[in-house]
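Owing to the predicted nature of the structure, the values given are computational and were not obtained by experimental measurement.
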Amino acid sequence: MLFKEITILNENFEIEENMYVGVKEDIVEYIGKEKPAKDFGQEYDGKNRILMPGFYNAHAHSPMALMRGYGENLVLQDWLNTRIFPFEDKLNSNAVYWGTMLCMAESIRFGIVSSSDMYYFIPDMVQAVTDSGAKSNISRSVANPMGVPFEKLPSINEALDSIRLYNGYAEGRVIIDTSIHAEYTTNEETVRGLAAITKEHDLIMHVHASETKLEHEECKARHDGLTPIQYFNRCGLFDSKALAAHCVWCEGEDFDILRDKGVTVAVNPISNLKLASGISDAPKMMGMGINVAIGTDSVSSNNSLNFLEEVKAFATIAKIKAKDPTVITPKQALRAATRNGALGQGRKNCGLIKEGFQADLIVLRTDVPNMHPIHNLTNNIVYAASGSDIALTMIDGKILYQDGEYTTIDIEKTIFETEKATAEILRQL
């Protein structure tokens with residue numbers, strides 16, 4: 001495909017107008033002011049459109065789409081124990097497949113090309129991602145609140161099976177990570193054991209850390225003053241590539257560990273606000289050189305995957321946290337939403353409009369009232385654009401969504417099957 005005479009957000013996150021971008025198979029092959037001599041096939045008229053890198057959702061639990069709106073106005077621990085955990089206890093393969101597929105449809109609609117997903121029923125998640133055409137880093141979340149011996153944990157065998165069967169699946173669109181759920185749901189033997197597996201297989205560790213003040217302080221009480229980040233570091237969890245979600249209550253040495261170990265921090269602005277967990281100190285982390293990316297968390301705590309809404313929240317609440325309206329520029333917010341997330345997922349040739357990079361692209365409309373007047377287009381993307389303005393989503397050079405139509409997903413069937421699976425679970429509760 002050739003995008004012609006289109007405005008682009010270039011690799012430096014600057015606006016360039018009247019550009020040509022040629023996509024060959026799954027790669028961006030040409031970017032220039034002049035129309036290329038090579039025939040790239042179908043041409044896309046770029047009038048009143050912006051071509052951008054797609055969004056990389058750095059923290060998600062896609063099957064939890066089944067629980068959207070199910071647990072409201074509760075603090076995190078009550079939300080988990082009285083609503084989420086009982087519902088999850090009734091999940092089955094069919095429900096997880098359709099819940100994941102619904103999230104893939106919503107993600108693609110809102111320009112998310114890849115997600116870092118932490119859950120279970122991994123084969124069903126992989127199948128949904130594969131069928132949708134999306135990308136995902138999927139990890140089998142490991143919890144061990146009862147202290148079962150590490151070698152007897154069924155979740156560890158499931159994680160190992162996932163690594164063997166699915167890492168690099170669907171032409172590399174699926175990457176398998178590992179996942180410790182959190183400090184408060186595991187013990188040290190489990191953390192150290194999975195850290196060793198992660199290192200052995202050269203994978204990315206995905207973990208919840210310091211999401212709430214209660215979690216943070218109880219960890220310190222259990223581990224002689226060590227915060228979750230310090231505890232995980234002592235257990236070797238960050239000796240491999242890692243993605244730490246939330247990091248709302250980090251303090252002191254935590255920030256140095258995150259920087260020195262090269263950990264990507266996935267901040268989840270709207271979920272953290274909705275559950276009153278707090279606000280991550282993104283300005284401080286970014287100022288220290290920590291790779292900060294943006295996640296949505298699950299739609300059961302968000303409650304949508306409208307990623308432009310997340311980007312605006314990320315940029316806005318950072319100013320409240322720092323008490324400084326100049327922190328987190330639009331360029332920084334857009335980099336966090338795209339390139340930083342891709343790097344956190346280990347997708348090194350993704351997240352930029354750049355020759356030789358994967359063609360994971362979205363098109364944003366500008367012929368809508370909320371995008372005018374245009375004093376600064378980058379500002380408008382972050383603060384004025386809406387997810388509904390996304391006209392096209394392309395992943396690995398394939399158009400998966402365009403102007404209200406999906407090319408890989410039967411959206412009516414997906415909604416029907418999701419509602420049916422949800423109703424069946426509710427009847428059991």
Side-chain angles (χ1 to χ4, degrees), residues 1-11 13-33 35-36 40-57 104-114 132-135 305-312 330 333-335 337-339 341-342 350-355 357-372 374 377-409:
M1 172 175 274
L2 180 68
F3 296 93
K4 66 175 186 177
E5 297 178 338
I6 195 166
T7 298
I8 72 169
L9 189 70
N10 69 20
E11 64 180 284
F13 293 88
E14 296 171 344
I15 296 295
E16 289 189 81
E17 297 180 343
N18 298 314
M19 299 294 289
Y20 289 85
V21 177
V23 173
K24 181 68 172 177
E25 296 180 349
D26 60 341
I27 299 295
V28 175
E29 193 173 279
Y30 174 82
I31 303 171
K33 283 282 189 184
K35 185 173 183 178
F40 282 95
Q42 178 185 355
E43 294 188 358
Y44 185 94
D45 186 358
K47 184 180 180 182
N48 297 319
R49 299 290 188 269
I50 306 167
L51 186 67
M52 299 171 46
F55 300 126
Y56 290 76
N57 187 351
M104 293 303 102
E106 187 176 356
S107 294
I108 291 165
R109 171 65 186 91
F110 288 132
I112 297 170
V113 296
S114 186
S132 73
K135 292 181 174 179
L305 299 176
N306 185 341
F307 211 78
L308 278 166
E309 182 179 79
E310 206 76 45
V311 174
K312 180 177 181 178
L334 289 169
R335 181 178 288 276
T338 56
R339 179 59 171 164
C350 297
L352 296 173
I353 297 182
K354 185 175 181 179
E355 290 181 0
F357 270 48
Q358 295 296 118
D360 298 334
L361 307 171
I362 61 175
V363 173
L364 188 68
R365 296 178 57 181
T366 59
D367 57 345
V368 289
N370 51 291
M371 290 295 282
H372 292 275
I374 300 174
L377 193 50
T378 310
N379 291 348
N380 278 16
I381 294 171
V382 172
Y383 294 116
S386 168
S388 62
D389 300 333
I390 293 171
L392 178 149
T393 300
M394 171 184 283
I395 298 178
D396 278 355
K398 297 180 178 64
I399 295 173
L400 303 189
Y401 172 87
Q402 185 172 359
D403 297 328
E405 299 293 329
Y406 291 91
T407 63
T408 58
I409 298 173

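- To the nearest 0.5 Å, atom CG of residue N18 and atom OG1 of residue T7 are 6.5 Å apart.
- At least one donor-acceptor pair under 3.5 Å links the side chain of T408 to the backbone N or O of S132.
- Listed by chain and residue number, F307 satisfy the ring pair (Phe, Tyr, Trp, His ring centres under 6.0 Å) test with F55 (two or more places apart in sequence, or in another chain).
- Residue I112 holds its CD1 atom at 13.0 Å from CG of D360, rounded to the nearest 0.5 Å.
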Checklist entry - Where do I6 and I50 land on the side-chain contact (heavy atoms from CB on, under 4.5 Å) test, with the steps shown first? => result CA-CA 6 Å; I6 195 166; I50 306 167; over 6 Å; no
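- Pairing each heavy atom of A359 with each of V23, the nearest pair is CB-CG1, 3.6 Å.
- Taking OG1 of T338 as the start and CE of M52 as the end, the distance is 7.0 Å to the nearest 0.5 Å.
- In this structure N10 satisfies the side chain to side chain contact (heavy atoms under 4.5 Å, CB included) test together with I8, N12, E14, E16, sequence neighbours excluded.
- Side chains of I31 and M19 form a contact here, defined as non-hydrogen atoms less than 4.5 Å apart.
- The shortest heavy-atom contact between S388 and F110 is N-CE2, 4.2 Å.
- You'll find the side chain of Y20 stays beyond 4.5 Å of the side chain of K33, heavy atoms only.
- With E106 contributing its side chain and L305 its backbone, the two residues share a donor-acceptor pair below 3.5 Å.
- Of all the heavy atoms in L51 and V363, the pair that sits closest is CD1-CG2, 3.7 Å.
- The OG1 atom of T366 sits 4.5 Å away from the CG atom of N48 when rounded to the nearest 0.5 Å.
- Taken from CG in D45 to CZ in F3, the straight-line distance is 11.5 Å, to the nearest 0.5 Å.
- Nearest approach of Y383 to P330, heavy atoms of both residues: CE1-CG, 4.0 Å.
- Around NZ of K47, the count of heavy atoms belonging to other residues, nucleotides or ligands within 6.0 Å does not exceed 12.
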Residues 390-398, side-chain donor-acceptor partners within the protein, below 3.5 Å, at least two apart:
from: T393; atom 1: OG1; to: I108; atom 2: O; distance (Å): 2.7
from: D396; atom 1: OD1; to: K135; atom 2: NZ; distance (Å): 2.9
from: D396; atom 1: OD1; to: Q358; atom 2: NE2; distance (Å): 2.7

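- The OG1 atom of T407 sits 10.0 Å away from atom CD of E405, with the distance rounded to the nearest 0.5 Å.
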Checklist entry - Is there a side-chain contact (heavy atoms from CB on, under 4.5 Å) between K4 and Y44 once you walk through the steps? => result CA-CA 6 Å; K4 66 175 186 177; Y44 185 94; over 6 Å; no
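- Under a 4.0 Å N-O distance rule, the pair E43/K35 qualifies as a salt bridge.
- Heavy atoms only, all atoms of each residue included: C350 and Y56 are closest at CB-OH, 3.1 Å.
- Counting all heavy atoms, side chain and backbone alike, V113 lies closest to G54 at CG1-CA, 3.8 Å.
- Take Y401 and apply the ring pair (Phe, Tyr, Trp, His ring centres under 6.0 Å) test, not counting sequence neighbours, and it matches Y406.
- Residues that satisfy the side chain to side chain contact (heavy atoms under 4.5 Å, CB included) test with E29, not counting sequence neighbours, are K24, K38, F40.
- Remark: D389 engages L364, V368, N370, M371, A385, S386 in a side chain to side chain contact (heavy atoms under 4.5 Å, CB included) (not counting sequence neighbours).
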